[in-house]
Peer 1: 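A single structure is presented below for examination.
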Number of protein chains: 2
Amino acid sequence: MPATPAVPDGKRPTLADVAARAGVSTALASIVMRGTKGAGAATRERVLEAAREIGYRPDARARLLRSHRSQLLGVQFGLQHPFHSDLLESIYAAAEPAGYQIALSAVAAGRGEQRAVETLLADRCEALILLGPQVPAARLAELAGQLPVVSVARRLRPSIPGLEVVRTADDEGARQAVDHLVALGHRDIAHIDGGRAPGAADRRRGYRTAMNRHGLSEHIRVLAGGLTEEDGAAAARGLSEARPRPTAVLAFNDRCATGVLDIFLRSGVAVPGDISVVGFDDSHLARLAHIDLTTVGQDISRLAGLAVSRAVARLEGDKDPAGEHVIAPRLVVRGTTASPH
Amino acid sequence: MPATPAVPDGKRPTLADVAARAGVSTALASIVMRGTKGAGAATRERVLEAAREIGYRPDARARLLRSHRSQLLGVQFGLQHPFHSDLLESIYAAAEPAGYQIALSAVAAGRGEQRAVETLLADRCEALILLGPQVPAARLAELAGQLPVVSVARRLRPSIPGLEVVRTADDEGARQAVDHLVALGHRDIAHIDGGRAPGAADRRRGYRTAMNRHGLSEHIRVLAGGLTEEDGAAAARGLSEARPRPTAVLAFNDRCATGVLDIFLRSGVAVPGDISVVGFDDSHLARLAHIDLTTVGQDISRLAGLAVSRAVARLEGDKDPAGEHVIAPRLVVRGTTASPH
DNA sequence: AGATGATGCTAGAACGTTCTAGTCCATCCC
DNA sequence: GGGATGGACTAGAACGTTCTAGCATCATCT
């Protein structure tokens with residue numbers, strides 16, 4: 001119960017204050033606070049007691065300045081991506097047991113990725129985990145030359161030395177969705193794509209090759225979409241007037257699919273009666289009882305876990321050729337898909 | 001183009017390296033890097049050039065350790081609240097021109113507010129901005145004794161010394177919504193509340209007093225809701241069977257309202273034909289063309305701006321009695337409300 | 001001509017930790 | 001008994017900055 005503001009003068013209590021109060025050297029106090037061995041049981045207790053009494057809190061910055069290891073993983077994320085929020089949740093959970101702290105840096109309106117990374121570097125992070133980075137590959141290569149970098153959810157073609165890529169097999173996910181729809185009896189399956197969003201190209205390709213493999217080449221139809229409900233809605237408006245109307249739609253992601261569902265609902269197109277809809281991500285949205293969307297799930301906790309463990313492995317001297325870690329997606333069948341007719 | 005890893009040995013370049021290369025003292029190099037006056041134009045150029053050449057990047061931790069000011073505002077936010085993301089966006093924008101940096105700390109599954117605040121304090125933040133904090137008021141008081149604390153979107157009754165509160169006038173927002181509905185001719189107006197969420201109590205109260213003022217006491221109907229689509233959907237299910245069914249519903253927030261809309265749509269209840277729906281927050285969701293929700297807007301950028309400016313004012317010696325800053329909400333009329341019948 | 005005051009610069013001490021290299025003292029082993 | 005071992009502890013030097021003094025130098029004012 002440190003009701004009083006610690007040390008007499010207004011300043012924050014320091015390790016020296018603790019040491020003085022316990023009657024030991026600051027070096028020993030440091031040993032005790034870190035929990036390393038080298039201190040007697042009695043003294044240890046005395047120091048901890050003193051620290052508690054004056055409300056001592058170690059200064060992270062001084063600590064990191066001195067010790068060469070900072071045990072910090074810098075994570076860059078986008079404020080407007082719920083998917084990133086979910087990843088962060090799991091990243092925190094994975095970093096903790098590995099003994100690492102997380103430093104966050106958001107990409108926001110007036111704050112690009114360049115700025116976000118700058119601050120992480122200035123904070124002396126040991127490794128960088130970038131969620132869906134958009135910076136040019138050259139910049140990533142430059143960064144990877146300085147410290148371990150993990151790119152999550154963005155594919156990168158020529159494997160850059162020192163750069164780890166963790167992503168979902170997006171093409172495989174699209175394939176699973178198409179297979180599922182074909183198995184239900186669908187032939188006329190359209191895809192609303194994600195434009196230039198990370199993963200969009202792979203999903204598009206996965207859709208195309210799966211359609212070809214099923215001999216449905218002439219039914220291939222890719223509509224310009226995007227990653228918001230709005231984008232899905234726009235595409236769906238065009239679709240509900242199209243003749244022949246496809247009997248199934250694979251949307252770029254769940255938000256996009258939700259927009260599609262909404263437009264169909266309003267224009268009297270029954271789902272899954274008249275048309276089936278599949279999303280991508282298995283977000284909270286898809287799980288909602290009243291949306292109940294069939295979707296391709298990304299294994300978020302595995303993505304996050306792998307991102308953290310790769311970064312840590314790198315830091316602890318792993319010299320592996322480093323490369324790409326692709327995680328299999330898993331189709332989650334819910335209520336928006338059924339046999340046509 | 002710092003292609004080579006800076007200084008000969010593998011370590012990061014330091015200010016001393018820059019100084020050596022430019023042939024000046026570290027003190028002068030420091031002056032140049034900070035942009036303070038006290039250096040000649042020619043030397044300034046030479047130092048900057050040297051810094052660029054070896055790819056020097058100031059060490060934030062060393063810098064903060066030495067200078068007593070850290071120019072850091074610690075912000076605690078919840079990963080699962082889109083509203084917080086929006087606030088953060090504006091907080092970044094407001095902090096920049098004021099000359100402050102933002103340190104982020106997320107509240108996640110295995111990481112409570114206690115932990116989140118701990119790390120912010122260890123990082124030597126000068127002030128704390130807490131978004132929708134849930135910790136007991138006693139803890140807030142304790143914190144406020146150590147450094148300026150701003151609570152955003154959570155109301156606190158007895159004004160705690162040193163604690164600033166920035167929030168929307170939730171009761172007033174509910175009143176505006178009810179007034180709008182009454183003006184349209186509605187009398188039977190229900191409210192789906194937010195339970196224990198921050199602001200819920202005020203909105204509930206605002207709804208009640210507004211109904212009373214219009215002489216509609218016997219029509220007051222508060223249904224248990226929550227802050228997710230799911231909660232709204234659950235409440236709406238009960239509502240669509242109720243007799244008499246209300247002609248209008250005020251939902252706790254936009255997500256909740258979306259759930260309500262969805263259920264009504266599915267069960268053939270026309271909006272706004274059969275029933276009007278009003279949300280709260282004016283989130284992205286509400287603005288989507290296919291949702292087009294009448295809602296009570298919170299002025300996010302003003303909330304954020306005020307939070308930052310209050311924290312900064314405190315830091316710069318403002319001794320005002322400090323207290324509550326209440327921002328007026330504004331009703332945004334869109335397509336989900338109309339006259340009954 | 002001496003005082004005054006900028007201007008441009010530097011030496012060296014902080015800041016709050018951790019780390020290195022000891023010192024001291026007891027115990028153990030032959 | 002003498003050396004080796006090891007546990008508990010400490011002095012003092014890092015870490016990479018910023019800050020406080022202070023030193024020249026040169027122009028300007030009385």
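Letters A, B, ... mirror the listed sequences (proteins, then strands); counts begin at 1. Quantities reported herein were computed from a predicted structural model and do not represent experimental measurements.
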Peer 1: To the nearest Å, give me how far apart CZ (B/Arg61) and C1' (C/dT18) are.
Peer 2: 15 Å
Peer 1: Establish, with yes or no, whether the OP1 or OP2 oxygen of D/dT10 is under 4.0 angstrom from a side-chain nitrogen or oxygen of A/Thr26.
Peer 2: no
Peer 1: Would you compute the distance between atom NZ of B/Lys37 and atom CD1 of B/Ile31 and round it to the nearest 0.5 angstrom?
Peer 2: 11.5 Å
Peer 1: Would you find a donor on one side and an acceptor on the other, under 3.5 Å apart, between the side chain of A/Glu164 and the backbone of A/Val149?
Peer 2: no
Peer 1: Can you tell me the distance, in whole Å, between the CZ atom of B/Arg69 and the C1' atom of D/dT18?
Peer 2: 14 Å
Peer 1: With the side chain of A/Ala27 defined as its heavy atoms from C-beta on, choose the nearest nucleotide among D/dT10, C/dC9, D/dC9.
Peer 2: D/dT10
Peer 1: What is the distance, rounded to the nearest whole Å, between atom CG of A/Asp123 and atom C1' of D/dG16?
Peer 2: 14 Å
Peer 1: Given C/dT10, D/dC9, D/dC15, identify the nucleotide with an atom nearest to the side chain of A/Leu65.
Peer 2: D/dC15
Peer 1: Could you check how far CG of A/Leu28 sits from P of D/dA11, rounded to whole Å?
Peer 2: 11 Å
Peer 1: Both A/Ile31 and B/Val24 contact DNA chain C. Taking the nearest nucleotide for each, which residue is further toward the 5' end?
Peer 2: B/Val24
Peer 1: Please state how far atom CG in A/Leu64 lies from atom P in D/dT17, giving the value in whole angstrom units.
Peer 2: 14 Å
Peer 1: Examine the side chains of A/Arg111 and A/Ser105 and answer whether a donor and an acceptor come within less than 3.5 Å of each other.
Peer 2: yes
Peer 1: Calculate the interatomic distance between A/Arg63 atom CZ and D/dA14 atom P; express it in whole Å.
Peer 2: 22 Å
Peer 1: How long is the line joining CZ of A/Arg66 and P of D/dG12, in whole Å?
Peer 2: 16 Å
Peer 1: Considering heavy-atom distances to DNA chain C, does A/Asp59 or A/Arg34 have its closest nucleotide positioned more toward the 5' end?
Peer 2: A/Asp59
Peer 1: Indicate yes or no for a side-chain donor-acceptor contact from B/Ser85 to the backbone of A/Gln80 under 3.5 Å, with no hydrogens or angles considered.
Peer 2: no
Peer 1: For C/dT18, does either OP1 or OP2 sit under 4.0 Å from a side-chain N or O belonging to A/Ser30?
Peer 2: yes
Peer 1: Looking at B/Val107, B/Leu131, B/Thr119, which hits side chain to side chain contact (heavy atoms under 4.5 Å, CB included) with B/Gln76?
Peer 2: B/Val107
Peer 1: Would you indicate, yes or no, if C/dG16 has its OP1 or OP2 atom less than 4.0 angstrom from a side-chain nitrogen or oxygen of A/Thr14?
Peer 2: no
Peer 1: Given atom CZ of B/Arg44 and atom P of C/dT7, what is their separation to the nearest angstrom?
Peer 2: 13 Å
Peer 1: Could you please name the option among D/dC9, C/dT10, D/dG16 that lies closest to any side-chain atom of A/Ala39?
Peer 2: D/dC9
Peer 1: Would you mind telling me which residue lines up with the more 5' stretch of DNA chain D, A/Gly40 or B/Ser67, judged by nearest nucleotide?
Peer 2: A/Gly40
